[in-house]
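Remember, it's 1-based here, ligands and their atoms both numbered in the order they're listed.
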Amino acid sequence: MSQTNIFSDPVFLQNGNLEKLSNLGIKKYYQKKSILKHLYQREVLSNPEICKLTNMSSPSINKLLNELITEGLVREEGVGHSIGGRRPNLFGINPEARFVVGIKIGMKSTEIAIFDLKNQVINNIQTLNRPLENNPQCVDDINNFMRTIIQNSGIDYSKVLSIGIGLPGLTNPNLGTSYSYFNYSEKSTREIFEEIFGKPVFLDNDARVMALGESAFGLAQGRNNVLCLYIGSGIGMGMILNGKLYKGNSGFAGEFGHIQIVDDGLLCFCGKRGCLETVASGVALEQMARTEIENGKTTKITAIVGDKLSDITTKIIVECAMQGDQLSIDLLAKISEYLGKGLATLIHIFNPEAIILGGKVSKAGNFIIDPIQQTLNKYTIYKIKNDCQIMTSILGDKSAVMGAMTLVMDNIFEDIPVASMQG
Ligand SMILES: [Zn+2]
């Protein structure tokens, strides 16, 4: 964890700044944070409900709630149902007290969303069409784009609490380091972004961030063993095992895209041959379409891109499949077969209750689910397979930015010690 004291927020985030406070001050900081955590998670609560959740006394809660209201962080939300006696006053977090930014950096573009404290996106997700490059200019461009969005939304930058980032490649979230991008200086990837953003930053691999989004807001909600497969330009996977995001020993767990699926196959950018990513990713799908068209296949795709085969995108192929284009349907079935083969192995190992497919390819819905199912029927023990549902994400494009926001909130509320609550 970086100890960047200048980024402290008086109530949400002290980032190692606690030594400046008295013992009583530290206790109060955690008590207030605990109240905010429960209000954030449950939306509205009464004083007795907060007592139950935090183990604090009613007068203490009352006093702290009044302080939080004065500070603008909590607001009264009317009255609740009576359980005998007077109807209790309800309290909720003030959604506009702070904002969190979720950023998903992709190979071709970067998506940014601002969230209020009720997890609502302010002014839609915005896309910066700029390829990912491992240099300071790329960081500058992302920063400028983000600052403009925040300014255009009429939000004071001082109210931005923290920024979460999901990015491709090998990432160690504990060290805040990417081994694939933004590793051009002595500083960690997180330090590079914190310096330019002037805010605390939390980052993780894009597929794991997506899995966080799925478990907080999507189909993985309330499920304990879920594999979230992210099929964009590359292939990544976030694993929720026993209810927790699994990171592996060094934070590299889930590199599903680089298991070998074709003997002596195409060269992958990772340096190995025949990786799943070389035959089943968005990039692979686009390349297959180009090759088929060059070989004379007729398809609706050419009606859209003409001679410019470099303009073929996963989105176009998925849309053509939806319109019944045979080549697009066949290509999606082909990559699904490879995906299914890989997934068959994972199902045998992890016995998941669900596999959630996200990323651009997942928009193809049944055009990928059906062929994946067929492949699983072929390669998986029936009983294990039957326990596992294959679904496409309902969060769609939002899952990664929502996950980046979840990453921030999880980290912010993570440090509250249970013992400091009494009183
Ligand atoms: Zn590879």
Looking only at the side chains, is there a donor atom on one of N119 and Y40 sitting less than 3.5 Å from an acceptor on the other?
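Short answer, yes.
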With sequence neighbours excluded, what pairs up with [X] under the side chain to side chain contact (heavy atoms under 4.5 Å, CB included) test?
X    : result
Y184 : N134, P136, V139, F182, I192
K297 : E292, L327
T278 : L266, C268, C275

Atom OG in S399, atom CE in M210: separation rounded to 0.5 Å?
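With rounding to 0.5 Å, OG (S399) is 4.5 Å from CE (M210).
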Mind checking whether H258 and F269 have parallel, tilted or perpendicular rings, split at 30° and 60°?
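Because their plane-to-plane angle is over 60°, the rings of H258 and F269 count as perpendicular.
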Could you pull out the N/O/S protein atoms under 2.8 Å of the Zn ion (ligand 1), ignoring any water?
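Sorted hits: H258 ND1, C268 SG, C270 SG, C275 SG.
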